[in-house]
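Everything quoted here is computed from the prediction, not taken from an experiment.
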Amino acid sequence: MKKLILHSIIFAAFTAQAQQKVPKPYFPPAGTWEHRAPASLGIQADKLDAAIQYAIAHESKQSRNMDSAQWQSFGKEPYSEPVGALINRADPSGLIIYKGYIVAEWGQPSRIDITNSVTKSFLSAVVGVAVDSGLIRSVSDTVAGYVPPVEIYHPGQASEVITPFASAHNRKLTWEVMLRQTSDWEGTLWGKPDWADRPDSNFASWKNRPRHEPGTVWKYNDVRVNALALAATNVWRKPLPQVLKTTIMDPIGASSTWRWMGYDNAWIVLDGQPVQSVSGGGHWGGGMYINAYDMARFGLLTLHRGVWNGRRLLSDAWVSQSLTPTKANNGYGYMNWFLNTDHKLAPKAPASAFIHIGNGANIIYVDPEHQLVAVIRWIDSKAIGEMVGVLLDAFPK
């Protein structure tokens with residue numbers, strides 16, 4: 001009996017000692033963020049600086065005038081005219097977060113800039129909260145069952161009603177295929193036909209393209225993303241920026257300066273009130289305007305699989321689904337979680353790393369194995385993989 005008690009005491013002491021050796025993860029409080037010198041955390045400062053200089057040297061070739069940049073990216077498409085806000089961008093900027101602490105920053109990280117399709121990751125998050133809370137019973141449910149006829153708000157004009165999930169094809173679409181961009185949703189929304197987004201070179205097929213069975217073909221398409229945003233707005237019965245603020249951004253201590261903007265014509269009548277249905281990116285303007293610090297907080301939330309300082313904001317199941325490769329594109333999870341499972345995205349990074357990516361390029365690199373989050377804004381998209389490799393050289397192996 002004495003031996004049993006002694007063993008229990010030793011085991012308890014060993015367990016307590018082991019727990020003491022595992023520091024509690026650091027989460028920055030609202031309004032502040034602790035900085036640490038790179039060397040104090042075992043980071044090679046010269047190599048870290050080399051990574052930053054690489055990012056600056058490989059600035060995006062797109063114009064800093066966002067009207068011009070939008071034309072450079074999408075001007076050859078039909079219906080390419082912007083219908084949302086486009087504000088000129090700043091210099092290349094970014095943040096490096098290691099073990100929760102800021103170890104480097106450059107440019108103007110406090111500047112509010114468009115983040116383009118990183119907006120999709122925020123949209124995915126509010127859909128995830130809807131699933132976690134039971135507003136959406138399952139991602140396998142068809143979206144049509146959640147979206148009634150939608151009244152479009154036209155000030156001073158007769159009302160217009162649309163049924164975005166009523167066609168024979170669209171009735172089959174689930175939340176899952178919408179999130180994975182494998183829906184092949186058909187139709188026109190906010191003046192933009194689905195076929196006009198990144199059309200193929202065969203003009204004859206634009207309006208009479210073949211329909212693909214949901215889940216079989218992946219296509220990056222912002223009209224369909226906006227259809228998902230409209231569906232989510234109907235589920236929440238309130239503007240999605242309000243949902244994001246209360247369920248994600250306020251709990252992670254984000255600033256009050258981010259804005260999620262929609263298009264000038266993207267207004268619906270919801271419970272008797274005009275509500276803007278926001279866009280999932282900046283393809284035609286709008287989307288998320290945000291600083292690098294708030295992007296980094298969101299990245300830190302995804303690094304910790306939906307937990308912020310002991311509080312779960314996104315379920316572990318949702319994060320797992322977001323990180324599960326799409327059958328039609330194994331480098332893509334739920335929007336806009338780009339995966340590195342085949343090392344094509346960032347050859348020198350772990351397979352478990354993932355990146356929230358937007359045009360520009362704006363990225364949030366998330367690396368659980370290295371406890372690393374990096375926000376890199378306005379880097380040439382072709383330089384992303386090499387930039388990650390140069391950055392990782394600075395960190396403990």
Side-chain angles (χ1 to χ4, degrees), residues 82-87 112-136 143 146-155 157 159-165 175 178-179 185 189-192 222-291 294-295 297-298 301 313-314 318 334-336 358:
V83 287
L86 287 168
I87 302 170
I112 313 302
D113 267 340
I114 192 171
T115 196
N116 290 311
S117 285
V118 175
T119 309
K120 293 175 175 61
S121 294
F122 293 103
L123 172 58
S124 178
V126 297
V127 175
V129 176
V131 173
D132 292 341
S133 62
L135 288 174
I136 298 172
V143 180
Y146 293 80
V147 183
V150 178
E151 182 181 357
I152 305 301
Y153 178 67
H154 294 303
Q157 300 180 29
S159 63
E160 172 193 359
V161 176
I162 63 171
T163 51
F165 291 90
W175 295 96
M178 295 294 290
L179 287 159
W185 181 92
L189 188 61
W190 316 133
K192 307 296 183 182
D222 282 298
V223 178
R224 294 167 189 155
V225 172
N226 293 338
L228 175 64
L230 176 61
T233 303
N234 278 272
V235 166
W236 280 104
R237 300 184 79 104
K238 64 178 72 172
L240 294 187
Q242 292 182 12
V243 177
L244 182 69
K245 181 179 186 297
T246 57
T247 63
I248 301 293
M249 301 303 272
D250 284 353
I252 66 176
S255 74
S256 63
T257 62
W258 62 271
R259 295 293 183 271
W260 191 354
M261 304 182 190
Y263 304 144
D264 299 338
N265 60 342
W267 288 82
I268 66 174
V269 178
L270 193 59
D271 296 331
Q273 299 293 325
V275 169
Q276 190 177 40
S277 182
V278 288
S279 66
H283 188 142
W284 296 287
M288 184 71 76
Y289 280 77
I290 189 170
N291 66 40
D294 289 344
M295 290 173 68
R297 285 176 182 268
F298 182 75
L301 174 68
L313 305 179
L314 291 167
W318 183 262
Y334 280 173
M335 67 174 70
N336 224 30

Handout entry: Listed once per pair and sorted, the side chain to side chain donor-acceptor pair (under 3.5 Å) pairs that draw on residues 239-251, sequence neighbours left out
Key = Lys245-Asp250
Problem - Beyond-backbone contact of Trp284 with Val223, side-chain heavy atoms, under 4.5 angstrom - result: yes
Exercise for the section: Measure the CE-CG distance between Met249 and Leu313 for me, rounded to the nearest 0.5 Å. Expected result: 11.5 Å
Handout entry: side chain to side chain donor-acceptor pair (under 3.5 Å) contacts in which one or both residues fall within residues 265-282, not counting sequence neighbours
Key = Arg237-Asp271
Handout entry: Non-hydrogen side-chain atoms of Ser159 and Val269 separated by less than 4.5 Å
Key = no
Practice task
Answer whether the closest heavy-atom distance between the side chains of Tyr153 and Ile268 falls below 4.5 Å.
Solution key: no
Practice task
Please report the shortest heavy-atom distance between Arg259 and Ser256, naming the atom on each side.
Solution key: NH1-O, 2.7 Å
Problem - Distance in Å, Trp260 CH2 paired with Leu240 CG, rounded so as to fall on 0.5 Å steps - result: 5.0 Å
Fill in the blank from the handout: So CZ of Phe298 and CH2 of Trp258: to nearest 0.5 Å the spacing works out to 11.0 Å
Handout entry: Distance-minimising heavy-atom pair for Met178 and Arg224
Key = CE-O, 3.4 Å
Side-chain donor-acceptor pairs of residues 124-136 under 3.5 Å, sequence neighbours excluded:
{"from": "Ser124", "atom 1": "OG", "to": "Met335", "atom 2": "O", "distance (Å)": "3.2"}
{"from": "Asp132", "atom 1": "OD1", "to": "Ser315", "atom 2": "OG", "distance (Å)": "2.8"}
{"from": "Asp132", "atom 1": "OD2", "to": "Ser315", "atom 2": "N", "distance (Å)": "2.9"}
{"from": "Asp132", "atom 1": "OD2", "to": "Ser315", "atom 2": "OG", "distance (Å)": "3.4"}
{"from": "Ser133", "atom 1": "OG", "to": "Val129", "atom 2": "O", "distance (Å)": "2.8"}
{"from": "Ser133", "atom 1": "OG", "to": "Ala130", "atom 2": "O", "distance (Å)": "3.2"}

Practice task
Kindly indicate whether the side chain of Thr233, heavy atoms from C-beta on, has any atom under 4.5 Å from the side chain of Val243.
Solution key: no
Handout entry: Trp318 and Tyr334 aromatic ring geometry - parallel, tilted or perpendicular at 30°/60° bounds
Key = tilted
Exercise for the section: For the residue pair Phe122 and Val278, establish whether any side-chain heavy-atom pair is separated by less than 4.5 Å. Expected result: no
Handout entry: Shortest non-hydrogen contact from Leu86 toward Gly282
Key = CD2-O, 4.4 Å
Problem - Check against side chain to side chain contact (heavy atoms under 4.5 Å, CB included), Asn234 and Phe165 - result: CA-CA 12 Å; Asn234 278 272; Phe165 291 90; over 6 Å; no
Practice task
Have a look at His283 and tell me which of Thr119, Asn226, Asp222 forms a side-chain hydrogen bond (donor to acceptor under 3.5 Å, both in side chains) with it.
Solution key: Asp222
Fill in the blank from the handout: One should read off an interatomic distance between Trp190 CH2 and Ile162 CD1, to the nearest 0.5 angstrom, of 5.0 Å
Practice task
Nearest 0.5 Å please: distance from the CG atom of Asn116 over to the CE atom of Met288.
Solution key: 12.0 Å
Handout entry: Nearest heavy atoms of Gly280 and Val225, plus distance in Å
Key = CA-CG1, 3.7 Å
Completion exercise
CG of Asp294 to OG1 of Thr257, rounded to nearest 0.5 Å, is 5.5 Å
Fill in the blank from the handout: Heavy atoms of Ile114 and Gly286 approach each other most closely as CD1-O, 3.4 Å
Problem - Flag side-chain contact, heavy atom, 4.5 Å: Leu228 against Leu179 - result: yes
Exercise for the section: Heavy atoms only: give me the nearest Arg297-Ile252 pair and the separation to one decimal. Expected result: NH1-O, 2.8 Å
